[in-house]
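Here the structure comes first, spelled out in C-alpha cells, and everything after it is commentary.
All chains are named by letter (A, B, ...) in the order of the sequence lines, taking the proteins before the strands, and each is independently numbered beginning at 1.
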Amino acid sequence: MTGKKAHKIAAELEKLFPVAKTELNFQNIFQLLVAVVLSAQSTDRQVNKVTEKLFLFVKEPRDLLDMGEEELSRQIRSLGLYRNKARNLIKIAEILDREYHGQVPDSFAELLKLPGVGPKTAEVIVGVGFNKPSFPVDTHVFRVARRLGLSKARTPEGVSFDLKKIFPPNSWIDLHHRLIFFGRRICKAQKPSCNICPFPEFCQKEESDV
DNA sequence: CTCCCGATAT
DNA sequence: ATATCAGGAG
C-alpha cells in the first residue's frame, strides 16, 4: 500500500544511491555503538579519522575501561562535545560490562537507558547493528523528510513515526541511508542543489524551513 | 529552552 | 562571522 509519491521517492533514491549503508567504519556492534555516539554534531569523516586509531585498541567494553576517560577524551577531542561523549562512553562500557556480559542489547528500550544514547542512536543500533526494522531520524532525514512533505512533525521522533507509516518495514533502513545521502549531497541544509533534485514537485522547503 | 564543542563550509 | 555536522541531557 505504498503511495505513488512514496514509491517515486524510494525508486529515485535507489537509482541515485544504489549502495545504502553507513559510512561509519566499525568491526562489531560495540564499535558501531561507540562510532554513533561519537558522531553527534560531527561528520562521518571526522569520526572515521578518530576511530581508525581508537578501534585498534578498543574492540569491546573492557578495552574502553582499560583506556580510561582521560585518554579517551584526548583521542576524541577533535570531534567536539568530547567531555560528554567520553563520560557517556565510559559509563556505557561499565554498564555493558557489568549488566550485559559485555554485549550490546538489541532492544530499543534497553539501548535508550544507556547514557548518551537517545532515540536516533538507539534506532541506528537496532537497524544497522541488528538488522531489525527501524527508521532513525538524524538531522538530514529530519530536514529532507519535511522538505519532501513526507512529515510535518516538529520532532525527529514524530518524523520517524510518520515515515514508518508511509514506507514498508523492509525498506526503512535502506531509505534511512539514502535520505541521508540525498540530504548531504543534494538537499543540503545550506545551498541545496535544487537544480539536480529529482523531486521539485514535492518541495516544501519554504514552508518547512522555519 | 540551553549547553556541550571542534572542524569545515559558506 | 555564522551555520552546520549521523544528538542527547538537564
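- Backbone-only contact: A:Gly118 has heavy atoms under 4.0 Å from sugar-phosphate atoms and none from a base.
- With sequence neighbours left out, the salt bridge (Lys or Arg N to Asp or Glu O under 4.0 Å) criterion links A:Arg62 to A:Asp97.
- At least one cation-pi condition fails for A:Lys59 and A:Phe30: the charged atom is not both under 6.0 angstrom from the six-membered ring centre and inside a 45 degree cone around its axis.
- What separates CG of A:Leu81 from P of C:dA6 is a distance of 13 Å, to the nearest Å.
- Look at NE2 on A:His140: it is 6 Å from C1' on C:dA6, rounded to the nearest Å.
- The backbone N or O of A:Pro119 lies less than 3.5 Å from no partner atom in the side chain of A:Glu157, so there is not a single donor-acceptor pair.
- Open room surrounds CZ on A:Arg154; 12 or fewer heavy atoms of other groups in view lie less than 6.0 Å from it.
- Following rounding to the nearest Å, A:Glu123 (CD) and C:dA6 (C1') show an atom-to-atom distance of 13 Å.
- Between A:Asn25 atom CG and C:dA6 atom P there is a gap of 14 Å when expressed in whole angstrom units.
- Of the residues in residues 169-182 of chain A, those with a non-hydrogen atom less than 4.0 angstrom from any atom of DNA chain C are A:His176, A:His177, A:Ile180.
- Nucleic acid contact for A:Gln41: base, since at least one base atom lies under 4.0 Å from a heavy atom of the residue.
- Using a 4.0 Å cut-off, no side-chain N or O of A:Ser39 falls inside it from OP1 or OP2 of C:dC5.
- For the pair A:Asn84 CG and C:dG10 C1', the computed distance is 11 Å after rounding to whole Å.
- A:Thr139 comes within 4.0 angstrom of the backbone, heavy atoms only, and of no base.
- Residue A:Thr121 is in sugar-phosphate contact alone, with no base atom involved, counting any heavy-atom pair closer than 4.0 Å across all strands shown.
- Using a 4.0 Å cut-off between charged side-chain N and carboxylate O, A:Glu94 and A:Lys91 make no salt bridge.
- The residue A:Val117 sits close only to the backbone: its heavy atoms come under 4.0 Å of sugar-phosphate atoms, none of a base.
- Annotation: C:dA6 and B:dC4 have their P atoms spaced 22 Å apart (nearest Å).
- Residue A:Arg143 places at least one side-chain N or O closer than 4.0 Å to OP1 or OP2 of C:dC5.
- Rounded to an integer number of Å, the gap from CG of A:Leu24 to P of C:dG7 is 10 Å.
- Taking the charged nitrogens against the carboxylate oxygens, A:Lys85 and A:Glu69 have no contact shorter than 4.0 Å, which rules out a salt bridge.
- Between the P atoms of C:dA1 and B:dC5, the separation comes to 24 Å (whole Å).
- A:Pro156 comes within 4.0 angstrom of no nucleic acid atom, judged by non-hydrogen atoms across all strands.
- Two residues are said to be in side-chain contact when any heavy atoms from C-beta on lie closer than 4.5 Å; A:Leu150 and A:Arg146 fail this criterion.
- Rounded to whole angstrom, the span from the OH atom of A:Tyr82 across to the C1' atom of C:dG7 amounts to 18 Å.
- Rounding to whole angstrom units, NZ of residue A:Lys191 and P of C:dC5 are separated by 15 Å.
- A:Thr121 has its side chain out of reach of A:Val124: every pair of non-hydrogen atoms, C-beta onward, lies at least 4.5 Å apart.
- Along DNA chain C, the nucleotide closest to A:Lys113 and the one closest to A:Val124 are compared, and the more 5′ of them pairs with A:Val124.
- Of the charged side-chain nitrogens involved, none lies within less than 4.0 Å of a carboxylate oxygen, so that A:Lys4 and A:Glu201 do not count as a salt-bridged pair.
- Side chains of A:Ser42 and A:Ser39 form no contact here, defined as non-hydrogen atoms less than 4.5 Å apart.
- No engagement by A:Leu38 is indicated, since no non-hydrogen atom pair under 4.0 Å with the nucleic acid exists.
- Hydrophobic cluster membership differs between A:Phe135 and A:Leu112, with clusters built from Ile, Leu, Val, Met, Phe, Trp and Tyr side chains linked at under 4.5 angstrom.
- Residue whose closest nucleotide on DNA chain B sits further toward the 5' end, between A:Lys49 and A:Gly80: A:Gly80.
- The outermost nucleotides of DNA chain B lying under 4.0 Å from heavy atoms of chain A, listed 5' to 3', are B:dC4 to B:dT10.
- Nucleic acid contact for A:Lys188: none, since no nucleic acid atom lies under 4.0 Å from a heavy atom of the residue.
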